[in-house]
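In what follows, a structure is listed as structure tokens, so that the remarks can point back to it.
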Amino acid sequence: MNRFIILIVASLTAACSSEVVKQQTSASEQKIVINSNIEGKGPEISVELYRGKTFYYPLMAIWLEDEAGNYLQTLYVPKAIATGIFKYGRQESNKWTEGPKRAPQTLPYWSHKRGVKMSDGLYMPDQANPVADAYSGATPAGSFILNSHADKQINGVLRVMFEINQNWDWNEYWTNDRFPDDENYKMSCQPSLIYEAVFEQVNPGKGLKMKAIGHGHYSGKTGELFTDLSTLTTALGIADSIIVRIK
């Protein structure tokens, strides 16, 4: 099996529910080690994530696309995204409790790429149509290493995609009253940030640096990619770096 290495600048958070999670020490800090899709028959893919200065429990999706940008599969999403059940999903007696919540603004680019429409017309997973446990897990509090597998063997150019979003992350442009009638926007403010790394099977072992290619729709109404990043500030600091190795 060929070996490929992709270097990515970003930051992520992820963990695994049914998979083994353990601690591993790096030169700078401890990283949580997460295993997902361990039964996959394709190449092993590891994603090493280093948190940035503004990292604070963001939600994210990691997935694969082909050269033309067609969705292939998800590698990881947090359990809350996979099931539609959030730790702070609803308010009861003036307290936040776990419960279902629809949050299309969180990861609109991934959810529309995945293309599974729910009964309420949204593309975010819900209780009735969750993402399989093999691809989901808890949200880690810091840097981590995700070890995953593609579902099957992959030939040709491969795109590794990453979308990340942090709730209530406003700035001078994305203020919390910019769209006063849009409740989904108010929970997000700065929209999701999308990163991409494209590698070919002609230079095994060579590194590529992932770059931010745009952001998602501010309230998740569409799966459009907006390429102007000039209005984003702290969102760009959620992630410091990501290293992806495809073996």
Side-chain angles (χ1 to χ4, degrees), residues 10-14 58-86 89 100-131 135-136 139 158-198 210-236 238-239:
S11 165
L12 299 171
T13 37
L59 294 171
M60 82 296 302
I62 307 169
W63 73 99
L64 303 177
E65 295 181 2
D66 65 16
E67 182 176 10
N70 298 307
Y71 172 90
L72 296 177
Q73 70 164 93
T74 295
L75 293 178
Y76 167 82
V77 290
K79 196 70 171 179
I81 296 297
T83 62
I85 302 295
F86 287 76
K101 183 173 72 174
R102 307 303 282 140
Q105 78 287 349
T106 309
L107 301 169
Y109 193 64
W110 163 78
S111 62
H112 281 81
K113 281 275 189 172
R114 183 169 172 263
V116 181
K117 196 174 186 178
M118 304 299 124
S119 60
D120 60 4
L122 300 179
Y123 288 88
M124 292 294 285
D126 60 16
Q127 290 176 276
N129 299 278
V131 173
Y135 309 100
S136 68
T139 304
L158 183 66
R159 294 154 60 103
V160 179
M161 307 298 298
F162 162 56
E163 184 173 18
I164 191 167
N165 199 355
Q166 196 153 276
N167 287 343
W168 306 293
D169 187 21
W170 50 77
N171 63 15
E172 291 184 357
Y173 182 88
W174 299 99
T175 59
N176 60 358
D177 60 351
R178 184 172 181 81
F179 301 101
D181 299 324
D182 193 323
E183 293 300 319
N184 289 325
Y185 165 74
K186 290 178 182 179
M187 291 186 290
S188 177
C189 290
Q190 286 185 76
S192 65
L193 187 59
I194 296 122
Y195 292 86
E196 170 191 79
V198 182
M210 181 177 249
K211 71 173 185 176
I213 60 171
H215 66 78
H217 190 277
Y218 61 84
S219 67
K221 288 185 174 68
T222 74
E224 184 178 354
L225 178 70
F226 299 84
T227 57
D228 181 7
L229 297 176
S230 63
T231 61
L232 299 188
T233 54
T234 52
L236 294 166
I238 298 171

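Atom-to-atom distance recorded for His112:NE2 and Leu122:CG is 8.0 Å, nearest 0.5 angstrom. Rounding to the nearest 0.5 Å gives a distance of 12.5 Å between OG of Ser136 and CG of Leu75. Residue Met161 holds its CE atom at 6.5 Å from NZ of Lys113, rounded to the nearest 0.5 Å. Here the CD atom belonging to Glu163 is positioned 11.5 Å from the CD1 atom belonging to Ile62, to the nearest 0.5 angstrom. Residue Ile164 holds its CD1 atom at 5.0 Å from CD1 of Ile238, rounded to the nearest 0.5 Å. Of the inter-residue distances, the one linking Tyr109 atom OH with Ser192 atom OG reads 10.0 Å to the nearest 0.5 angstrom.
Considering only heavy atoms from C-beta on, Gln105 stays 4.5 Å or farther from Tyr218 through its side chain. You'll find the side chain of Asn176 stays beyond 4.5 Å of the side chain of Trp168, heavy atoms only. Asp66 places none of its side-chain heavy atoms less than 4.5 Å from the side chain of Tyr71. The closest side-chain heavy-atom distance from Pro104 to Ser111 is not below 4.5 Å. Residues Arg114 and Tyr123 are not in side-chain contact: their nearest non-hydrogen atoms beyond the backbone lie 4.5 Å or more apart. Taking 4.5 Å as the limit, some side-chain heavy atom of Leu158 sits within range of a side-chain heavy atom of Leu64. Under the 4.5 Å side-chain criterion, counting only non-hydrogen atoms from C-beta, Leu232 is in contact with Leu193. At a threshold of 4.5 Å between non-hydrogen side-chain atoms, the residues Met124 and Arg102 count as touching.
Checking side-chain atoms of Gln190 against main-chain N and O of Thr233 turns up a donor-acceptor pair under 3.5 Å. Formation of a donor-acceptor pair under 3.5 Å by the Glu196 side chain with backbone atoms of Ile213 is not found in this model. Between the Lys79 side chain and the Thr139 main chain, no donor and acceptor come within less than 3.5 Å of each other. Side-chain N or O atoms of Asn171 include one that pairs as donor or acceptor with a backbone N or O of Thr231 at under 3.5 Å. Side chain of Asp126 to backbone of Gly84: no donor-acceptor contact under 3.5 angstrom is found.
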Please evaluate residues Val131 and Val116 with respect to the criterion side-chain contact (heavy atoms from CB on, under 4.5 Å), reporting the C-alpha separation (whole Å), side-chain torsions for both, the decisive distance (0.1 Å), and the verdict.
CA-CA 10 Å; Val131 173; Val116 181; over 6 Å; no
Working note: Gln73 + Tyr135, criterion side-chain contact (heavy atoms from CB on, under 4.5 Å); need CA distance, chi angles, decisive distance, verdict.
CA-CA 9 Å; Gln73 70 164 93; Tyr135 309 100; 4.0 Å; yes
side-chain contact (heavy atoms from CB on, under 4.5 Å) for Leu107 and Trp63? Distances and angles first, verdict last.
CA-CA 12 Å; Leu107 301 169; Trp63 73 99; over 6 Å; no
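Counting only N and O atoms by type, the side chains of Trp174 and Ser188 include no donor and acceptor under 3.5 Å apart.
In terms of heavy atoms, Trp110 sits closest to Ile81 at CZ3-CG2, 3.7 Å. Residues Thr175 and Tyr185 come closest through the heavy atom pair O-OH, 2.5 Å. Summarising the geometry of Ala61 relative to Val77, their closest heavy-atom pair is CB-CG1, 3.6 Å, with the distance given to 0.1 Å. In terms of heavy-atom proximity, Gly216 sits nearest to Pro191 at O-CB, 3.4 Å. Looking at every heavy atom in both residues, Gln127 comes nearest to Pro100 through OE1-CB, 3.7 Å.
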